[in-house]
Structures are given as structure tokens and as C-alpha cells.
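Structure record follows, encoded as C-alpha cells.
Values reported hereafter were calculated over all heavy atoms of this structure, with side chains retained and with hydrogens, waters and symmetry mates removed. Numbering starts at 1 and runs along the sequence shown.
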Amino acid sequence: MSAVRSPSLPLRPLTVGELLDAAMEVTRGAGRVLLPVAFGLAVLEQLAMVWIRENFFDGSVFPWIGEIVGPAWLGVALGTGMESAVIALVGVPAARAVAATAVGVPFRARDLLRPRGIGSAALLVLVTFLVTFTLTLLPLGWLPAYPLMGLTVAALVIDGVGPLRAIGRGVKMVLRSGARAAAIRLLGYFAWLLLRLGFGFGAASALDLVGVSGPWATAACFALVNTMAYANLASLDAVLHLETRIRTEGLDIALTRVPGALTPGHLVVAR
């Protein structure tokens, strides 16, 4: 029996609301894979963030960078870089689910978690971290940094291109149609940011009332809410990439003309 439910995705240009709904549909459909992966990575991220807050915010680590941008902002840049890297890594199974759904191929949990291509994906995750971290060090640098690399993993998985071409293609997809995908990616992030801050600090305050407090309690609260956020944001990236291809490349027409001839990872990449 399949461990995941194939999501239902409309293969046509979508409104912003429909894109957000489609991302949630992917998260629900492949949740038995996406949520455990996101949870494990969110826990590791919070462990790292506790250490970063204790060591970077006082300027004791890499003081030469701290003197330029401030020790606290150095920690923020590291945190945003890790966030983007986690979303990119969760994006591998999310993009596989979307690619399989696009061509009508049923899939199981092990199909989304197969190790094939993980080296290329790891390279893109590392590049995503470095780009986001570096640009975030600049004034307002996070605003272009977060959406810039958002569709590279989806390009790698859905289009079946190599990692170097996936970077260029992913950036182009983000900037198409007046940077529509970039704006929607930012919208999704800020919507989840409000939920994460509300739940994270609210849950931490509730724990404090019963005598459980400290950085580890706060980290546990944020790991829980980040799990859902990262899974959904990764699904949004995969859906955005597919929808952008439908909107700008006519992928839906290609899928209709050659049913069964295309496979996940080879969806008629534009030359």
C-alpha cells in the first residue's frame, strides 16, 4: 500500500490563493515523508541556533565579521542561511511528489526518499546556504536572497537538469513574469513567520507558567512549528516551479500532447 496520498494539483496557471492551497495539498498528501524530514532538520537547526545565540551574539566567534556587521546580525545571517538550506533540502521529496503528480505516476514514501541525486541536491543546499548567509550580511540583503535560490532544487528534481544548470534555471524561473515567483515566495514566508512567532513565543510563555523555561524550551517550541512551516514552504517552491513552467513554457500543453511519454525528472525542459 502506498505510504503517501498523491496530491491533486490543477495543471493550469493558478492564482496566488490557489498556489498556497496547492502547496498545502502537497504537504498533506506527502506529509508522512515531508513532516518527519522537516522535523529532524528543524530540531538540528534549533540545536545549532541555541549554540549560535550563546556564542555569536556576544561577538566571541569571528570577531572580525562581528566588527563589520555586528555580532547579533552575524547570528541572524547564519540563522536565515540555515532556514533556506533546510527548506531546500525538504524540497527534494516535495519536488519529487509534485513531479510524479504532474505526469500521473503513483508514488510511495521510498520513492520520495531514494538517495539517487542526493549529491547534486546537497551541492545546491550548500550554495543556497552560502548565498543566503552572504547576502543577508548586507543591508536588506535577505529580501532578494531568500527568493533568489528558492527554485533551484525544484529545477534539479522536476526538470532533471544538472546542479549548475539548475542554479541558473532556478534563478531565471524566480525572476520570470516580473519576479512573480519571488513575490509569492516572500508572501508565503512572511505568512508563516507570523504563525511561527505567535506559536513559538506563545507556547514558550505557556511552558514558563508551569515552570519550564530557558533556551531549550523555546527551541523545542520553534522546532515544532518550524516543522510544518518548512514542509509547506518547500511544497510551495515545488508548486511554484511547476506553475511557472505552465504559465511561461506551456508545460500543461506538453503534458496533454504526450501523455505517458514523460517521467518525473524529465518534463520537457525548455532549451
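Taking the six-membered ring for Trp, Phe39 and Tyr230 have ring centres at least 6.0 Å apart.
The shortest distance between side-chain heavy atoms of Val239 and Glu25 does not fall below 4.5 Å. Between Val50 and Glu45, the closest side-chain pair of non-hydrogen atoms is not below 4.5 Å. Counting heavy atoms from C-beta on, the side chains of Gln46 and Trp216 never come closer than 4.5 Å. Contact of the Leu78 side chain with the Met49 side chain is not registered, since no non-hydrogen atoms from C-beta on lie closer than 4.5 Å. A 4.5 Å side-chain heavy-atom check between Val127 and Thr152 finds every atom pair outside the cut-off. Looking at Val37 and Leu113, their side chains come closer than 4.5 Å, going by heavy atoms from C-beta outward. Counting only heavy atoms from C-beta outward, the side chains of Arg32 and Arg108 never approach each other to under 4.5 Å. Contact annotation: the side chain of Met24 never approaches that of Ser235 to less than 4.5 Å [non-hydrogen atoms, C-beta and beyond].
With hydrophobic clusters built from ILVMFWY side chains whose heavy atoms lie under 4.5 angstrom apart, Leu233 shares a cluster with Leu193. Cluster annotation: Leu242 and Val105 are assigned to the same hydrophobic cluster (Ile/Leu/Val/Met/Phe/Trp/Tyr, side-chain heavy-atom contacts under 4.5 Å, transitive). By the criterion of side-chain heavy atoms lying less than 4.5 angstrom apart, applied directly or through intervening Ile, Leu, Val, Met, Phe, Trp or Tyr residues, Leu195 is grouped together with Leu186 in one hydrophobic cluster.
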Evaluate the criterion ring-ring contact (aromatic ring centres under 6.0 Å, His included) for residue pair Phe199 and Phe222; output intermediate values, then yes/no. CA-CA 8 Å; Phe199 177 88; Phe222 275 96; 8.4 Å; no
Give the C-alpha distance, both sets of side-chain angles, the deciding distance and a yes or no for side-chain contact (heavy atoms from CB on, under 4.5 Å) between Ile167 and Met149. CA-CA 7 Å; Ile167 293 174; Met149 300 296 293; 4.2 Å; yes
For Val174 and Leu148, run side-chain contact (heavy atoms from CB on, under 4.5 Å): C-alpha distance rounded to whole Å, both residues' side-chain angles, the deciding distance at 0.1 Å, then the answer. CA-CA 7 Å; Val174 164; Leu148 187 65; 5.5 Å; no
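With sequence neighbours left out, Ala88 forms a side chain to side chain contact (heavy atoms under 4.5 Å, CB included) with Val125, Thr128, Val153. Under the ring-ring contact (aromatic ring centres under 6.0 Å, His included) criterion, Trp142 pairs with Tyr146, Tyr189, Phe190, not counting sequence neighbours. In this view, Arg116 satisfies the salt bridge (Lys or Arg N to Asp or Glu O under 4.0 Å) rule with no residue, not counting sequence neighbours. A search for side chain to side chain contact (heavy atoms under 4.5 Å, CB included) contacts involving Ile118 returns Ala121, not counting sequence neighbours.
Residues Leu124 and Pro163 approach most closely at CD2-O, 3.5 Å, considering heavy atoms. Val98 and Ala238 make their closest contact through CG2-CB, 3.6 Å (heavy atoms, listed as atom of the first residue, atom of the second, distance). Listed here is the closest heavy atom pair of Ala145 and Leu135: CB-CB, 3.5 Å. Here the closest non-hydrogen pair linking Ala77 and Leu137 is CB-CD2, 3.6 Å. What you find for Cys221 and Ala203 is that their closest heavy atoms are SG-CB, 3.6 Å. In terms of heavy atoms, Ala154 sits closest to Ala95 at CA-CB, 4.2 Å.
Separating the CG atom in Leu74 from the CD1 atom in Ile52 is a distance of 8.5 Å, to the nearest 0.5 Å. Taking CE of Met173 as the start and CD1 of Ile158 as the end, the distance is 8.5 Å to the nearest 0.5 Å. Taking CG from Leu164 and OG from Ser120, the interatomic distance works out to 9.0 Å, rounded to the nearest 0.5 Å. How far CG of Asn232 is from CG of Leu20: 8.0 Å, rounded to the nearest 0.5 Å. Between the CG atom of Asn226 and the CD1 atom of Ile87 there is a distance of 9.0 Å, given to the nearest 0.5 Å. The structure places CG of Asp237 at 4.0 Å from CZ of Arg185, a figure rounded to the nearest 0.5 Å.
When atom types are taken as modelled, the side chain of Arg96 and the backbone of Arg114 share a donor-acceptor pair closer than 3.5 angstrom. Side chain of Ser177 to main chain of Arg180: no donor-acceptor pair is present (N/O by atom type, distance under 3.5 Å, no hydrogens or angles). For Glu243 (side chain) and Pro13 (main-chain N/O), no donor-acceptor pair under 3.5 Å exists by modelled atom type.
As a member of the Ile/Leu/Val/Met/Phe/Trp/Tyr network built from side-chain separations under 4.5 Å, Val212 groups with Leu207, Val210.
Residues Arg245 and Asp159 are paired through a salt bridge, judged by an N-O separation under 4.0 Å between the basic side chain and the carboxylate. With salt bridges taken as basic N to acidic carboxylate O contacts below 4.0 Å, none links Lys172 and Glu249.
Environment of CG in Leu140: sparse, with no more than 12 heavy atoms of neighbouring residues, nucleotides or ligands closer than 6.0 Å.
The salt bridge (Lys or Arg N to Asp or Glu O under 4.0 Å) pairs that include a residue from residues 73-87 are Glu83-Arg196, where partners are two or more places apart or lie in different chains.
Thr132 and Thr80 form no side-chain donor-acceptor contact under 3.5 Å, judged by distance and modelled atom types alone. If you check the side chains of Thr244 and Arg176, you find no donor sitting under 3.5 Å from an acceptor.
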